[in-house]
> 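Attaching a single structure in structure tokens format; questions to follow.
Letters A, B, ... are given to chains in the order of the sequence lines, protein chains preceding strands, and every chain is numbered from 1.
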2 protein chains.
Amino acid sequence: MASQGVIDLGKAGRLSHSDEQRESGKQQVIDTIRAAGSIARIDISTATRVSPATVTAITAELIDVGLIEEVVPETPRQVAKRGRPRVALKIRGEAHKIAGIKVSHRVISVVVLDFEGNNIVDHELPLQLGRMPIDKLCKMIMDALGQACSKGGFDVSSISGIGVGLAGLVDAKRNFVYWSSSLDERNVDFGAHLARHTPCPIFIDNDANLVAKAEHLFGKGRNVSDFVVITIEHGVGMGIVIDNQIYRGSRGCGAEFGHTKVQLEGALCQCGQRGCLEAYVGDYALLREANITNDGTGHRDLGQLVAAARSGDQMARSIFDRAGRMFAMGLANVVNIFDPKLIILSGARLSFDYLYSDQVIEEMRRWVVQIDAPPPEVLVHNWGDLMWAKGAAAYAIEEVSTLAIRELACSEN
Amino acid sequence: MASQGVIDLGKAGRLSHSDEQRESGKQQVIDTIRAAGSIARIDISTATRVSPATVTAITAELIDVGLIEEVVPETPRQVAKRGRPRVALKIRGEAHKIAGIKVSHRVISVVVLDFEGNNIVDHELPLQLGRMPIDKLCKMIMDALGQACSKGGFDVSSISGIGVGLAGLVDAKRNFVYWSSSLDERNVDFGAHLARHTPCPIFIDNDANLVAKAEHLFGKGRNVSDFVVITIEHGVGMGIVIDNQIYRGSRGCGAEFGHTKVQLEGALCQCGQRGCLEAYVGDYALLREANITNDGTGHRDLGQLVAAARSGDQMARSIFDRAGRMFAMGLANVVNIFDPKLIILSGARLSFDYLYSDQVIEEMRRWVVQIDAPPPEVLVHNWGDLMWAKGAAAYAIEEVSTLAIRELACSEN
DNA sequence: ATTATTTTTTTTGAATTTCAAATTAAATCA
DNA sequence: TGATTTAATTTGAAATTCAAAAAAAATAAT
């Protein structure tokens with residue numbers, strides 16, 4: 001009875017109290033399996049504090065509908081113990097295909113993952129214009145997705161969910177874009193526009209939130225319930241995970257770390273305000289300063305500037321030095337406010353070494369409220385280029401998972 | 001079968017999955033009643049999405065054990081509608097007496113509330129020393145509580161829970177104090193010390209968190225699930241409520257707004273670091289600056305400084321002006337990170353007008369990420385002197401409520 | 001080779017919770 | 001006085017979960 005198909009978003013209305021409770025067991029079990037990768041029933045029971053009897057019942061149903069499957073024990077057990085051998089369970093990859101799409105200035109990146117999170121195919125579509133009207137962008141996105149599907153040898157209709165990541169201010173709950181650097185218009189009901197092109201559920205969010213989701217599902221935030229992810233692309237982004245959920249704020253636009261003020265009446269930011277962190281650590285900010293303090297060597301791009309600093313250029317060093325200190329100050333503020341267990345500095349390119357350095361992290365630790373308890377762990381995670389798109393897919397996987405389980409509860413009559 | 005008595009903290013161990021669920025219905029109902037003040041069963045049903053049948057069952061049990069009671073309809077109904085009249089329910093004040101204690105530098109404030117939140121008695125015990133050893137402080141606290149009880153004409157043993165608020169870094173989960181300005185020692189297991197003096201459950205937390213609790217239960221945060229409270233006493237504090245719960249961070253010391261950095265290598269703070277917000281807006285910071293820029297008039301205390309500013313003194317004005325701008329900047333950062341629906345500027349004295357002014361709030365609004373959605377509402381709430389102690393009591397009320405319901409679930413065999 | 005032991009998983013029957021539907025209660029309206 | 005309306009309660013059924021018992025599947029011991 002394994003299913004592979006489109007999920008009906010229409011059924012996902014408000015649930016009654018009892019429905020929520022009924023759903024929670026299955027959701028908890030599938031989340032545990034996903035977090036663990038593969039895990040035996042008995043361990044699910046201890047992890048979730050659900051009785052073995054119930055775990056058996058729930059997993060049986062999930063296997064029945066094809067969302068999970070038993071792992072065939074390949075290797076003859078290393079540590080041979082007595083007793084009935086445990087049978088591990090895992091997410092069934094073939095259950096769904098999920099697309100993740102990241103729109104950046106020069107390119108639309110697409111990745112299609114299976115339900116387990118394995119890469120099926122990826123694709124990039126170069127963009128002529130960084131900023132365009134909504135309809136045009138929707139078309140480009142669907143083009144990119146279509147090309148990716150052809151490359152993978154399957155039809156777009158076999159995709160169960162699409163996650164889309166945008167730089168900007170997004171209300172994920174409503175699939176609504178207040179503002180994006182990729183769009184001409186403000187206040188766009190992006191979800192509605194994109195829904196015209198495809199019947200499958202669509203999930204739109206700020207790109208930094210999506211990276212946080214990716215870290216949570218596939219990355220260094222696995223099995224961590226509360227952490228903060230900082231990303232740098234063109235701007236500086238932050239994603240906050242509290243109690244296993246992305247914290248989004250009341251209007252859906254929290255975690256605007258990049259526009260946190262680090263200097264009263266400070267440097268001018270892209271956003272038109274002064275003193276934003278981004279105006280000190282963003283690549284454009286560094287290049288701008290390099291031009292101001294131009295010493296005749298004519299630093300043209302960031303690579304050159306980095307090289308100059310490495311080779312001892314005092315001007316260049318000073319620029320990176322200030323950026324690093326401002327970044328440390330911003331990070332310290334986040335720690336003072338959130339007291340997270342873990343901070344993940346997540347990057348797709350290594351060119352931000354100057355911000356992700358031990359020195360900066362050490363400085364941050366010094367600027368944090370000092371108590372006799374271990375300071376937050378800081379991990380630097382360099383993903384490949386597909387980081388952003390994978391984040392979008394991670395978000396969609398989680399949402400599709402929820403929808404699938406909700407549908408299951410409803411279809412049981 | 002109405003109970004009035006001490007709750008056994010010992011029974012409150014880890015609960016199984018099913019216990020948690022069993023508990024949730026009652027907890028939800030009692031929380032709804034408390035939030036509403038008084039509310040009919042049918043409205044509880046719609047608010048909680050629990051069926052009327054279940055609400056009847058749950059409320060019957062809660063009435064039976066004396067935690068809630070029916071409100072006798074005094075006035076003949078204003079809006080005379082057809083149909084069976086609804087009978088409102090409310091928390092039964094006599095169910096428990098709860099003490100809230102706030103330790104500040106010069107005084108220990110005690111308030112005893114009934115279970116509904118009504119003030120039964122309050123009391124202040126002046127302190128000679130602001131900072132003392134833990135045993136001494138425990139003794140002073142119990143003295144203050146004892147005196148308050150005598151004043152109220154009841155015995156200390158009739159109190160069901162004690163909340164204690166301290167300035168400093170506290171891990172509420174463990175009743176553990178990393179550091180407090182009222183204590184000589186660092187890293188004190190305050191809960192264990194205080195428990196030697198009384199058998200009833202004790203709940204210790206950072207004072208700003210407690211004010212947030214008070215706003216949530218009794219103040220302007222009533223019926224608001226997510227908001228931020230800023231408090232100013234000697235230092236600057238913040239309490240964050242996310243999804244109806246105080247956000248405490250991984251080590252229990254989040255929301256350290258006062259030590260958020262607003263200036264790289266800035267003014268020296270009490271905490272030994274530089275550039276903390278507190279070092280610009282705290283009373284000591286203002287006085288310090290006034291001395292530096294002493295113009296011969298010899299500003300000696302904050303009142304004089306405020307008066308000087310009002311009467312047009314340029315120096316004094318400039319001091320308050322900078323404090324206000326720094327405060328606005330800090331607030332803007334909080335908004336950019338949390339995107340709260342509501343910010344409550346909570347104060348016990350009116351002397352912080354210069355920070356809670358329209359001008360500062362307007363400035364904050366300008367420094368926030370601009371989107372076409374309403375900015376967070378900002379409310380100024382001036383409580384009386386008992387604000388801090390009431391906050392401590394609010395926390396204890398909520399915890400005792402949880403314990404009482406948990407006990408109920410257990411005692412049902 | 002057979003039995004004992006250990007551990008995981010499944011089955012079973014009971015307890016609990018919740019709800020929909022029917023019923024009762026308590027008011028006003030006609 | 002009876003009809004109507006709304007709130008609260010009762011009742012019986014459905015769903016969920018679990019403890020305890022049983023079964024399954026391995027190794028260890030004899």
Side-chain angles (χ1 to χ4, degrees), chain A residues 15-29 33 38-64 68 70-73 75-89 405 408-413, chain B residues 15-29 33 38-64 68 70-73 75-89 405 408-413:
Chain A
L15 290 178
S16 81
H17 185 252
S18 67
D19 280 334
E20 276 170 40
Q21 287 207 337
R22 199 176 311 147
E23 179 185 319
S24 71
K26 281 166 202 151
Q27 187 75 59
Q28 234 186 321
V29 167
I33 295 172
S38 89
I39 183 173
R41 290 174 181 76
I42 186 76
D43 293 325
I44 297 175
S45 175
T46 52
T48 58
R49 309 177 126 258
V50 168
S51 75
T54 306
V55 171
T56 293
I58 289 175
T59 53
E61 193 178 349
L62 293 177
I63 289 173
D64 193 46
I68 64 173
E70 294 193 340
V71 176
V72 281
T75 32
R77 172 161 304 97
Q78 287 94 337
V79 185
K81 286 186 310 178
R82 275 220 257 198
R84 178 173 176 169
R86 38 186 63 187
V87 179
L89 300 168
I405 280 170
L408 201 56
C410 295
S411 69
E412 272 167 20
N413 301 19
Chain B
L15 291 178
S16 81
H17 185 254
S18 67
D19 281 332
E20 276 170 40
Q21 286 206 337
R22 197 178 312 147
E23 179 185 318
S24 71
K26 281 166 201 149
Q27 187 75 59
Q28 235 185 321
V29 167
I33 295 173
S38 89
I39 182 172
R41 288 173 181 77
I42 186 74
D43 294 326
I44 297 174
S45 175
T46 51
T48 59
R49 309 177 126 257
V50 168
S51 75
T54 307
V55 171
T56 292
I58 290 175
T59 54
E61 194 178 349
L62 293 177
I63 289 172
D64 194 47
I68 63 174
E70 293 193 342
V71 176
V72 281
T75 33
R77 173 162 303 97
Q78 288 94 336
V79 186
K81 286 186 310 175
R82 279 220 257 198
R84 177 175 177 170
R86 38 186 63 186
V87 180
L89 300 167
I405 281 170
L408 200 56
C410 293
S411 69
E412 272 166 20
N413 301 20

> Do Val50(B) and Val29(B) come within less than 4.5 Å of each other through their side chains, counting heavy atoms only?
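A side-chain contact under 4.5 Å is absent here.
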> Counting only side-chain heavy atoms from C-beta out, which of dT9(D), dC18(D), dT10(C) sits nearest to Pro52(A)?
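Ranking dT9(D), dC18(D), dT10(C) by closest atom to the Pro52(A) side chain puts dT10(C) first.
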> Might you work through the side chain to side chain contact (heavy atoms under 4.5 Å, CB included) test for Ile44(B) and Ile33(B), ending with a clear yes or no?
CA-CA 7 Å; Ile44(B) 297 174; Ile33(B) 295 173; 3.7 Å; yes
> To the side chain of Pro85(A), which of dA23(D), dA26(D), dT10(D) is closest?
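Closest nucleotide to the Pro85(A) side chain: dA26(D).
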> Mapping Val55(B) and Val55(A) onto DNA chain C by nearest heavy atom, which one lands closer to the 5' end?
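That would be Val55(A).
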> Between Ser38(B) (side chain only) and Leu89(B) (backbone N and O only), is there a donor and an acceptor less than 3.5 Å apart?
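Side chain of Ser38(B) to backbone of Leu89(B), a donor-acceptor pair under 3.5 Å: no, none is there.
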> With a cut-off of less than 4.0 Å, is there a side-chain N or O of Arg41(A) near OP1 or OP2 of dT10(C)?
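It does, given that an N or O in the side chain of Arg41(A) lies less than 4.0 Å from OP1 or OP2 of dT10(C).
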> Which nucleotide sits closest to the side chain of Ala53(A): dC18(D), dT9(C), dA25(C)?
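Selected nucleotide: dC18(D).
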> I want to confirm an ordering. Mapping Ile42(A) and Gly83(A) to their closest nucleotides on DNA chain C, which one lands closer to the 5' end?
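The residue closer to the strand's 5' end, by nearest nucleotide, is Gly83(A).
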> Under 4.0 Å between a side-chain N/O of Thr54(A) and OP1 or OP2 of dT17(D), yes or no?
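No, outside the criterion.
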> Is the backbone of Pro52(B) close enough, under 3.5 Å, to the side chain of Thr56(B) for a donor and an acceptor to pair up by distance?
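Yes, Thr56(B) side chain to Pro52(B) backbone: donor-acceptor pair under 3.5 Å.
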> Between dA3(D), dC19(C), dA24(D), which nucleotide gets closest to the side-chain atoms of Arg82(B)?
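In terms of side-chain proximity for Arg82(B), the closest of dA3(D), dC19(C), dA24(D) is dA3(D).
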> Heavy atoms only, 4.0 Å cut-off, all strands: where does Val87(A) land among base, sugar-phosphate and nothing?
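Since only primed, P, OP1 and OP2 atoms lie under 4.0 Å of Val87(A), the category is sugar-phosphate.
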